[in-house]
Visitor: 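Quick one: this structure, given as structure tokens, is what I'll be asking you about.
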Amino acid sequence: MLAFGLSLVVFILWGVFLAKISPPPQEPVAEVEQPAQDPKNMPLPGTPEIPSLPPQPLPSGETGTALPESKPPAQTVPAPTPETREEILVNVTKGQTTLVFSSRGGVLKHVEMHQYTNLSGDGPIDLIPQVAGTKFPLTLETGNAAVDHVLANGHFEPSQRAIDVSESNPSSVLVFHLRHPSGFEVKRTFHFKWDDPLISVDTQIKAPNMVADNLQYSVIWGPGLGGAVDMKADFISFNGPTTFANNEREEIRPEEMDKSVITFRGDIQWTSFQNKYFAAALIPDQGFKSAKVIKKSEDEIYVGLNFESVQSSASATHLLYVGTKNLETLENSGHKLFRLIDYGWLGNKFAFLVKPMLKALGFFYGIIGNYGWAIICLTFVIKIILFPLTHKSFKSMKGMQKIAPHIKVIQERHKGDRQKINEEMIGLYKKYKVNPLGGCLPMLLQIPVFISLYHALFFSIELRGAPFMLWIQDLSAQDPYYVTPVLMGATMFLQQKMTPSTADPVQQKIFMFMPILFTFLFITFPSGLVIYWTVNNLLTIAQQYYIYHVAKE
């Protein structure tokens with residue numbers, strides 16, 4: 001266990017080093033564009049935006065939002081102020097998730113997940129941050145300030161006022177329609193299915209009077225994502241814009257962007273905002289040419305998909321995923337969405353073990369109905385599987401303890417003659433059938449298993465808000481009273497006291513300091529991880545007691 005403990009310390013410190021010091025991965029598929037001028041301050045071009053036309057009557061007495069009239073080439077037109085219309089909110093309920101769409105821009109204003117409470121504990125998580133002065137997710141943009149003003153504030157008439165997608169109503173369609181007197185028209189159709197976490201979004205844009213402008217459209221998500229955790233130990237997971245392009249996962253750190261737009265071309269699977277437990281991804285289907293990350297200010301970052309447009313008209317379909325980073329859900333959704341989950345540099349090396357452990361954890365939860373007990377059951381199973389290795393390790397350490405006096409005699413007898421010492425020690429090992437590496441190698445082979453389980457529990461959305469018992473009401477949060485870290489440190493101290501050691505007194509004192517170090521280290525860790533480690537220590541102590549005090553020679 002000493003070798004394993006030291007290895008774990010190195011593993012944790014290495015994770016901190018990578019998260020805080022090492023540079024972000026290179027972005028070979030990204031093309032950096034020149035900074036784009038802020039649309040709010042950008043003067044409109046001198047050429048006509050939309051030719052002036054006689055006002056066209058709208059159905060049902062609807063009044064359109066005014067777009068700029070044609071002006072002489074030498075003049076610029078101030079951005080129009082759309083006519084105020086009453087905002088209509090459309091609630092789409094799907095299980096424990098409620099999506100709230102707005103007729104003002106045909107955008108998504110709220111994604112409330114009622115099975116999870118926010119950090120303040122006074123309501124459900126909303127995956128859409130409410131930031132004043134920013135644009136809502138699924139806003140359409142062109143780069144033309146006047147047209148963007150209309151797209152973001154114009155009235156999109158909804159086809160329904162409320163939708164409930166359920167097993168009895170497994171599919172439904174919501175249509176938002178913007179009609180302008182000039183002929184400018186936008187139709188957005190959202191398709192919902194009960195058994196599919198993906199939402200299909202069809203967009204049709206017609207601008208017959210702006211053919212010469214050849215507007216380029218994009219759909220964006222931002223300026224961020226709700227549901228982030230406030231945890232000091234959360235140094236492994238990346239929070240921010242992430243794009244999967246050309247089979248590479250590209251994480252963009254906004255604070256390191258020196259340009260306003262980074263564009264990705266080629267095989268675009270998705271672009272997203274994601275944090276430790278949640279993600280929102282735009283998935284291109286038809287009619288898109290690239291993805292991008294947009295930095296409008298230090299606190300206003302968006303991801304988006306660029307349409308393929310012809311003569312200011314466009315028709316495209318994309319998919320939207322917004323929800324938890326549940327491994328099974330992401331794998332079943334396709335489009336390589338499972339790559340939204342990133343276990344950090346070290347965790348990704350053992351991802352092939354992380355996934356089976358997550359599935360095993362879900363299996364035990366399905367039987368017991370409590371993730372705390374599911375963790376304990378999983379710990380027992382892992383301990384049983386690894387029992388032959390640990391048993392061999394402890395027996396080897398016990399053998400080394402027995403021949404320790406002989407080793408000391410040899411070292412004193414041939415002091416200064418290293419070759420002679422090694423020859424006699426090899427003979428001693430053969431005589432007593434002891435392998436000096438027998439105590440370390442089996443333990444080292446267990447390290448990938450422990451690292452995998454560490455990441456499986458650390459990133460498991462199932463543990464978020466999941467109660468165990470007594471004072472532990474959230475297995476993803478640290479123990480509020482520090483009881484489990486102290487118990488973990490005590491079991492680790494007892495385990496070391498029971499472990500035979502041939503180290504010198506100075507080394508033994510250093511090793512005995514490790515339980516104190518681990519106790520302070522685990523104070524900020526999720527209580528689910530600490531429970532696993534404590535139970536594992538208790539099982540190891542029982543195994544040691546059996547080998548050293550019960551088992552026959």
Visitor: Could you name each residue pair satisfying salt bridge (Lys or Arg N to Asp or Glu O under 4.0 Å) that touches residues 319-331, not counting sequence neighbours?
Guide: E331-K355, E331-K359
Visitor: Looking at residues at least two apart in the chain, or sitting in another chain, which of them share a ring-ring contact (aromatic ring centres under 6.0 Å, His included) with F338?
Guide: none
Visitor: Identify, with sequence neighbours excluded, every residue that meets side-chain contact (heavy atoms from CB on, under 4.5 Å) alongside I385.
Guide: V381
Visitor: Sequence neighbours excluded, which residues qualify as side-chain hydrogen bond (donor to acceptor under 3.5 Å, both in side chains) partners of T534?
Guide: none
Visitor: Considering only residues two or more places apart or on different chains, which pairs with a residue in residues 461-475 satisfy side chain to side chain donor-acceptor pair (under 3.5 Å)?
Guide: N326-E462, S460-E462, W471-D479, D474-S476
Visitor: Taking all heavy atoms of T491 and all of I541, pick out the closest pair and write down the distance.
Guide: O-CD1, 3.4 Å
Visitor: For the residue pair I268 and F264, what are the closest heavy atoms and their distance?
Guide: CD1-O, 3.5 Å
Visitor: At their closest point, which heavy atom of D126 faces which heavy atom of K109, and how far apart are they?
Guide: OD2-O, 4.4 Å
Visitor: According to side-chain contact (heavy atoms from CB on, under 4.5 Å), who are the partners of L319, at least two apart in sequence or on a separate chain?
Guide: L198, S200, I283, H335
Visitor: K94: what forms a side-chain contact (heavy atoms from CB on, under 4.5 Å) with it, not counting sequence neighbours?
Guide: V165, W194
Visitor: With sequence neighbours left out, what residues match F273 under ring-ring contact (aromatic ring centres under 6.0 Å, His included)?
Guide: none
Visitor: Restricting to side-chain contact (heavy atoms from CB on, under 4.5 Å), what partner residues turn up for S272, sequence neighbours left out?
Guide: T242, W270, Q274, A281, L340
Visitor: With F278, which residues qualify under ring-ring contact (aromatic ring centres under 6.0 Å, His included), at least two apart?
Guide: Y116
Visitor: With sequence neighbours left out, write down each residue that passes ring-ring contact (aromatic ring centres under 6.0 Å, His included) with F364, or none if nothing qualifies.
Guide: none
Visitor: Mind checking whether W373 and F468 have parallel, tilted or perpendicular rings, split at 30° and 60°?
Guide: perpendicular
Visitor: Measuring centre to centre across the rings, with the benzene-like ring taken for any Trp, is F522 within less than 6.0 Å of W533?
Guide: yes
Visitor: Which residues pass the side-chain hydrogen bond (donor to acceptor under 3.5 Å, both in side chains) test with T243, sequence neighbours left out?
Guide: T271
Visitor: Report yes or no: do T98 and H110 form a side-chain donor-acceptor pair below 3.5 Å?
Guide: no
